[in-house]
Protein chains: 2
Amino acid sequence: MTEPSARPTRAQQRHRTEERILAAARQIFAELGYDRTTIRAVASAAGVDAGLVMHYFGSKDLLFARAVEVPADELPGGTSGEVAEALLTSLGRRLTSEPAASLAVLRSMLTNADAADRYRAAAEPQLNQITEAIPTPDADLRASLLSAIVHGVIAERYLLRLTHLADASPEQIIDLLRPCFQSLTTPPSK
Amino acid sequence: MTEPSARPTRAQQRHRTEERILAAARQIFAELGYDRTTIRAVASAAGVDAGLVMHYFGSKDLLFARAVEVPADELPGGTSGEVAEALLTSLGRRLTSEPAASLAVLRSMLTNADAADRYRAAAEPQLNQITEAIPTPDADLRASLLSAIVHGVIAERYLLRLTHLADASPEQIIDLLRPCFQSLTTPPSK
DNA sequence: GTCTATACATTGATAGAC
DNA sequence: GTCTATCAATGTATAGAC
């Protein structure tokens, strides 16, 4: 037993550089997507060597996996109307400060099978929860459409930067989408 | 002047192989995206050599440009209600038989600046036409949201293959989205 | 016109020095 | 623990033979 209050240079130092590498990876993956991101670029941004990154994470795939792993955000269920509003607030949160990890997945989604799987895995519990709250036979399709809308808006705002979408305030976007979400979460009035 | 009815092996033969290469390129770009698509794979799929592809198109970028160039589909304008319905029919058409060129652009959009520009260029006239038909100050934002929804649905159906979205019939999707589109194209009833 | 051979750069990954 | 040196593979692009 060495003194417990001493600075543990070993594991602590490693953990710090590991976090630094992960932060750099998240940012670059989000900017360039999976394919265009190189180990060298990540290492350089983190101020370390490329070999060290490999030494820590084993491969580019594993680095990507570690960089984008994120606890699925909680989405409270409830009645159909409540779910619609919860989805809107969730969207609002993601429209104000979107974590780099989600953007990395979004951008890599279409070119990396791993990213696509991650996206699906993250979306599935959300989809199920939404599905349960919608009292129609086509609830699963409605939930999928809601998911598609959310991700379409985020993608075109953050990744594609369509001007009008990028400039608008989250509140404005949410207000415009509210009728959409309500119509999708409630059965036809017929 | 050689006999006009003879088979012009020169230009005609070239044109045929060029078209074969372009068809192969469209398909592979749509499947793999810009980055993962290699000249070699395109050449192989077209039954020719990689050098020939370079000889014809000059570079990978130019090949991509030629492969995905497509006349912007006409979107008739009109009143806000008519535009909503026109958008839905347009979406329905793209949900039944989507040309490979559009999918190639969609998949490459997030990783290739060229593809992103092409996407914007193709979307802009549509956006303007929609904007003009909506009689509200935030018409441009509404148009952008409509665009985001359309592309979100297409991306998750064709590229990500979310099961419920991939299995649903175009009519079912359109019917569910109709209220959304109407609420976005018409001013608040207030 | 079409294909072969190859130059040149870049990348992911490995082994070993400090 | 961190970095240098290097390997092997891949991909774009070029030059030239047939």
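First the proteins, then the strands, lettered A, B, ... as listed; each starts at 1.
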Q) Do the side chain of B:Tyr158 and the main chain of B:Leu95 share a donor and acceptor less than 3.5 angstrom apart? A) yes

Q | All ring-ring contact (aromatic ring centres under 6.0 Å, His included) counterparts of A:Phe181, not counting sequence neighbours | A | none

Q: Going 5' to 3' through nucleotides 11-18 of chain C, assign each nucleotide B (protein heavy atom under 4.0 Å from a base atom), S (under 4.0 Å only from sugar-phosphate atoms) or - (no protein heavy atom that close).
A: BBBB----

Q.
Taking A:Arg14 first and then A:Glu18, would you say they form a salt bridge - that is, a charged N and a carboxylate O separated by under 4.0 Å?
A. yes

Q.
Is the phosphate of D:dG1 approached by A:Thr17 (side-chain N or O, under 4.0 Å from OP1 or OP2)?
A. no

Q. Going by heavy atoms in the side chains, are B:Val153 and B:Leu177 under 4.5 Å from each other?
A. yes

Q. Do the rings of B:Tyr34 and B:Phe29 sit parallel, tilted or perpendicular, given the 30° and 60° boundaries?
A. parallel

Q) Please give, in whole Å, the distance from D:dA5 P to A:Leu52 CG? A) 16 Å

